[in-house]
> 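Once you've had a glance at the structure underneath, I'll fire off some questions.
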Amino acid sequence: MVLSECREMFADRQFQSVHITHDTLSTGWIINFRDQNGNEYPVTDIYGIACSYTTINSAKSVVQGIGDCPIDVDNTYRYFEK
């Protein structure tokens, strides 16, 4: 879902947390919003392709621009972040 949809759903309190995972294809970081049932919704572009951010901090700043919620970063690939 695009950022505007994420903002709208966050404003409706449909999201509970954020999960940032490493994208091995682009070596970037992908943002997934989680709802109360544990379903994940990735941040995508207008074509439905997941957006990849170059650093964890850039991904976190996008999340903070949408709203304040707990952020869970995938620890498995933290060594990619320098």
> Give me the atom names and distance for the closest heavy-atom approach of D35 to N39.
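Where D35 meets N39 most closely, the heavy atoms are OD1-N, 2.8 Å.
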> Can you name the closest pair of heavy atoms from W29 and V73 and give their distance?
CZ3-CG1, 4.4 Å
> Just wondering, do F33 and I31 contact through their side chains at under 4.5 Å, heavy atoms?
yes
> According to the side-chain hydrogen bond (donor to acceptor under 3.5 Å, both in side chains) rule, which pairs have a member within residues 3-19, sequence neighbours left out?
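Counting only pairs at least two positions apart or across chains, the side-chain hydrogen bond (donor to acceptor under 3.5 Å, both in side chains) contacts touching residues 3-19 are H19-R34, H19-E40.
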> Please identify which of these residues, I56, T55, V62, meets the side chain to side chain contact (heavy atoms under 4.5 Å, CB included) condition with S58.
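With S58 as partner, side chain to side chain contact (heavy atoms under 4.5 Å, CB included) holds for just one option, T55.
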> Does any pair with a residue in residues 41-75 pass ring-ring contact (aromatic ring centres under 6.0 Å, His included), and if so which ones, sequence neighbours excluded?
F15-Y41
> Sequence neighbours excluded, which residues qualify as side-chain hydrogen bond (donor to acceptor under 3.5 Å, both in side chains) partners of S52?
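Once residues adjacent in sequence are excluded, the partners of S52 under the side-chain hydrogen bond (donor to acceptor under 3.5 Å, both in side chains) criterion are S26.
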> Over all heavy atoms of both residues, which pair between V18 and C69 is shortest? Give the atoms and the distance, please.
CG2-SG, 3.3 Å
> Within a 6.0 Å radius of atom CG on D68, are there more than 12 heavy atoms belonging to other residues, nucleotides or ligands?
no
> Got a second to check how far I30's CD1 is from I20's CD1, nearest 0.5 Å?
11.0 Å
> Nearest 0.5 Å, please: how far is CG in D23 from CG in D74?
11.5 Å
> Search all heavy atoms of V43 against all heavy atoms of L3 and return the closest pair with its distance.
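So the two residues come closest at CG1-CD2, 3.7 Å.
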